[in-house]
Structure formats: C-alpha cells, structure tokens
Amino acid sequence: MRAFDYQVPADALAAMRAVAGNDSAVFLAGGTNLVDHLKLGLTHPDLVVDITGVTSDEVVERDGGLWIGAAVRNSDLAADPRVCERYPMLSEALLSGASGQLRNMATAGGNPLQRTRCGYFQDNTTPCNKRRPGSGCAAVGGHARYQGILGTSEHCVATHPSDMAVALSALDAVVHVLGPDGERTIPFTELHRLPGDEPSRDTVLHHGDLITAIELPDTPIARRSRYRKVRDRASYAFALVSVAAAVDVTDGVVRDVRIALGGVAHKPWRAYLAEEALRGQAAIEDNFREAAAAELVDARAVDGMDGGNAFKIPLVTRTVVSVLRGLTQENQ
Amino acid sequence: MQTEINLRVDGTDRQVTVDTRTTLLDALRERLANTSPKKGCDHGQCGACTVLLNGRRVLSCLVLAVTAGGKDVVTANGLAPDGELHPVQQAFLDNDAFQCGYCTPGQVCSAVGALDEFRRGWPSHHGDTELTRAEVAERMSGNLCRCGAYTNIVTAVQQAARA
Ligand SMILES: Cc1cc2nc3c(=O)[nH]c(=O)nc-3n(C[C@H](O)[C@H](O)[C@H](O)COP(=O)(O)OP(=O)(O)OC[C@H]3O[C@@H](n4cnc5c(N)ncnc54)[C@H](O)[C@@H]3O)c2cc1C
Ligand code: SF4
Ligand code: FES
Ligand code: FES
C-alpha cells in the first residue's frame, strides 16, 4: 500500500475542495470498500479525506419524504421506524446486504458508490477494462455466474453489487451532491452508468463530487413494498438476482407499480418496460410474467467456464412473478 | 505519514503512533499487544477481527487506526476485566461453542453486539421476533468458523440472551 496523508476536514465544503483539488485524493466514509481496495492495490491515493464527520448522520422529515444524511450508517437506516413503515423495501434491501458488523460501518453515501465485486476487477493480475482501460475483459469466458445480462457491453459485463441501490432506484430517490460548481441534485436512476466503452466510470459523478444526502420522495405506494434477494447461500452473500417492487392494485387492476432489478446490470436496473406493460392490466400471474418478459427482450447471457449466467434470465422472471404475486395477494 | 492517536482499549487509555495505513486490527495486535482480535481474511469477510467500537460491533481489519482516535474499543479480552466472564463468554464455555478457538474472540464480540441490537429492536433479514436458531444464525452470519462449531455457537448465543 502506498503511503498517504490523512485529513479530517472542518466541513463538507473543505472536504469537497480537498479532494477536488487533488487528483490523487479520495473520500473515506465507512471504509468497508475503500480500505479493502487500498489493501488490494486497486486504488493508491496520496490523500485520504475522512468525511464521516462532515455530512449529516441523521434521517429527517422533509416535504412528506425523508432526507438521509450521507453519513447515516446502513444499520441505523434499516432500523429507522419511518423507513420500515413507509419504505419497507429499503429496510429489507439494507438488511439483506453484508453482515451486522459491515452494516454498522457502511454509510448511505458510500453504499451506492461501492464498486463491482467482479473477481477479475479485484485481482490486479488479470485483464480488466474497468480497472485498466484497454486491457480486455477476463470475465467473458471466465467466471460469469455473477455477471450481467442487461445493458452489458463488449468492454465490460460486470454488475453493481449494492442491494440498497436497487431499492433507491425503485423509490425514485434523489442524490444531493456538493461539487466544485456548487450544489446539485441527480435522480438516483441516473447516478450509475452503463459500461459502454468507458467501464472505468461507474457513475456520472466527477472527481471531488461529495454526496451529502439522499432524499426519498413521499411515495405512498412504497408502504407495501418488498425486496427479494436470490443468492447462493441464505445470508452474507451478494445477489445473483434481486427484485425491489411496490404495487398498487385497485379492483384487481394494477394502478401503479415500481420494479427495480439487482444483480443484472452495471447499474441498479429500473424495470420501466415491465412497469409500463403492467399499468392498467389485471393483477394476474400471466401479466406479471409478460411484464418480466418485456423487460428482458434484450437480455443477453455471458458464456463462462463456470457455465455462464444464462440461468439469470428465467430467474429474473420467476423472482419478479413471485414478488408481485406476494404483494398483490396481500393487497386484496 | 505517522500520526499519534489516543484510544481507550478495554477500559485503559492508550497512546500510540501509527502510520496512516495501519488498520485498527494491526494497531491492537502489533502495537498494543492485544492479540484478542484475530486476523482471518483481512478483507472484511470472516468476522474474526470483530471488536466493539463505541459500543457497536465492527470489523477492525477495515477500520484505519487513525479514524479510531478518541474512540472506545472493547475486544473480547475487555469483556472479562477482572477475570469474571461476560455472560456470552460463559455461554461459549458452557456449550463447547468452539474447537480451535481462532474465530471465538470475534464471535464473542459479535454476539455481544448482536444481542444489544436485538434488545434495541433492530430488525433482521430473517425477521423472527424471537431469537430462534435461524434468527441467531442470520444475525451472526458475518462470523465464519472454519471448524464448523456453528451448532453450539447458536446454542451459546441463545443461552447468553436469556442471561
Ligand atoms: C464481505 C462483504 C460482504 C458484503 N456484502 C454486501 C451485500 O451483500 N450487499 C451490499 O449491498 N453490499 C455488500 N457489501 C458492501 C458494503 O455494503 C459496502 O462496502 C458499503 O456499503 C460501502 O459503504 P462505506 O461507507 O463503507 O464506503 P467506503 O468504503 O468508505 O467508500 C466507498 C466509495 O465511495 C466513496 N464515497 C463514500 N462516501 C462518499 C460520499 N458521501 N460522497 C462521495 N463519495 C463517497 C469512497 O471514496 C469510495 O470510493 C459487502 C462488503 C463486504 C466487505
Ligand atoms: S466484467 Fe468488467 S469488471 Fe469484470 S473483468 Fe470484465 S471489464 Fe473488468
Ligand atoms: S480479519 Fe477482519 S473480517 Fe476477516
Ligand atoms: S473454532 Fe476454529 S474457527 Fe471457529
């Protein structure tokens, strides 16, 4: 690990400036991803700026919704009674992620910015376009089980590993950012990028942009919502596929619906096509299946020496159907 | 870069100069001679390094020691200050909840944290309102045991919860 200086800035502005003004500086929040990456040699900053004290660690009411400070720990957010009552999918997503210890450390700002768990990305000795642009992608034909099926490119097929981010995408959360040009907001669904020909960039943020808060708009439909995570073991494992969903059914008809998918793409995947296919339709299983099919029209499996990830395509359909069935049965 | 930090470790104020790259785990083990927290994976995956930081269970291998300045650290050693065992430690002994013992200090600190979280009403992914075996397993899933002593660990945590 390269030696680095450590700084505790006085406030958010000073933190932003310290990083924006130095190409080799990074923000440190809970450290659960960054410290691991320092050890793996995936990042070698010469300045680490501790931001745990400069953004809010509180969840406050605003305009009927909730405003989550970037320093709120994942465990506190998951246990917040307002989150459990009004946005259960978010609490469930957080609780399905990592472990009790890690959730006590991880923050609301850091979680969505964690990087892919693609094994080749984490291994400095293999080709990886995300880590070393132009070096190739070892995942295609290699270990492909955890890779994506939607929005992949010839340059990168990695998935975004966050559970929390899938719920935030379904909830139309808004990210508050402080950058060199001042404050701005970014719709959560537009925070993460598809890999395209520039897989090294996970998000639309620029160097020095500090996430200060995440805003959950007032979302009555989310009061009855679910997060379902399918994985290789019952706990402490990343998602193969996950589904965050909320649905409003009146007189057997889907009035409104929110669906986002995890484990399938380089970003949390908001399933707009499935939502559109379902709105105004009868809340029956055939329609749920067709909605999932609509979302998966362009799905493409990755071949791999481990058998590849073609299994994810039917798995998404089955998980979407199962979650919607559960929600609509409760609804009646 | 060398930095001086003050920590409270197992009830005693300690001062130590560390390189900014040093983790809390290495500072405890290599600099303060507290070998209670163990290094299993050093990447946040096994839980052997679990300590209580300001009362909460965390992984000391992913905490930079410089960020722990001014904080209160409790390791499994500090849970038995005068040789009197903490109920969780006693329960591990009573139930033979270990084999080689390498994961045990981490398991014990994690169990203390998990029981505190449960008492405060924090929900879990499993969702039982009682500490059933499945509920304990979920709350303790961040602690791996290479010897596979899980069956007795779960029983021990259940016993400690009743203490
Ligand atoms: C063994 C293991 C299992 C895990 N399992 C899961 C899982 O199942 N599901 C899941 O979702 N996650 C899982 N995680 C990942 C974990 O949730 C993330 O590492 C964590 O949420 C990151 O948050 P942090 O605050 O620790 O971020 P840090 O590690 O501090 O930072 C992560 C990145 O974000 C940047 N950053 C942090 N905060 C800000 C901010 N406010 N503004 C701008 N940039 C910022 C940092 O510079 C860094 O690049 C697991 C991690 C481990 C080690
Ligand atoms: S899938 Fe992306 S992250 Fe993984 S090896 Fe290929 S380029 Fe790298
Ligand atoms: S040594 Fe810290 S989690 Fe394994
Ligand atoms: S008792 Fe040996 S690793 Fe758990």
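Every value quoted in this text rests on a predicted model; they were computed, and no experiment measured them. All chains are named by letter (A, B, ...) in the order of the sequence lines, taking the proteins before the strands, and each is independently numbered beginning at 1.
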Using 4.0 Å as the upper bound for N to carboxylate O, is an ion pair formed by [Y] and [X]?
X         : Y         : value
Asp76(A)  : Arg103(A) : no
Asp26(B)  : Lys39(B)  : yes
Asp306(A) : Arg145(A) : no
Glu61(A)  : Arg86(A)  : yes

>> Can you tell me which of Val35(A), Val8(A), Leu94(A) forms the most heavy-atom pairs within a distance under 4.5 Å of chain B?
In response: Val35(A)
> Cys84(A), Pro81(A), Ser75(A), Ser91(A): which one forms the most heavy-atom pairs within less than 4.5 Å of chain B?
Replying inline: Ser75(A)
Can you tell which part of [X] gets under 4.5 Å to a heavy atom of chain B, answering side chain, backbone, both or neither?
X         : answer
Asp50(A)  : side chain
Ala3(A)   : both
Leu28(A)  : side chain
Arg233(A) : neither
Met1(A)   : both

Is chain A contacted by the side chain of [X], its backbone, both, or neither, given a heavy-atom distance below 4.5 Å?
X         : result
Cys109(B) : neither
Thr50(B)  : side chain
Glu117(B) : side chain
Thr23(B)  : side chain

>> Checking the side chain of Lys229(A) only, and the main-chain atoms of Ser242(A) only, is there a donor and an acceptor separated by less than 3.5 Å?
In response: no
>> Assess the residue pair His126(B) and Arg139(B) against the criterion (side-chain contact (heavy atoms from CB on, under 4.5 Å)); give the C-alpha distance rounded to whole Å, side-chain angles, the decisive distance to 0.1 Å, and a yes or no.
In response: CA-CA 8 Å; His126(B) 186 68; Arg139(B) 287 179 187 261; over 6 Å; no
>> Once rounded to the nearest 0.5 Å, what's the spacing between atom CE of Met1(B) and atom CG of Leu47(A)?
In response: 9.0 Å
>> Between Leu52(B) and Thr75(B), is the side-chain contact (heavy atoms from CB on, under 4.5 Å) condition met? List the steps.
In response: CA-CA 6 Å; Leu52(B) 300 165; Thr75(B) 69; over 6 Å; no
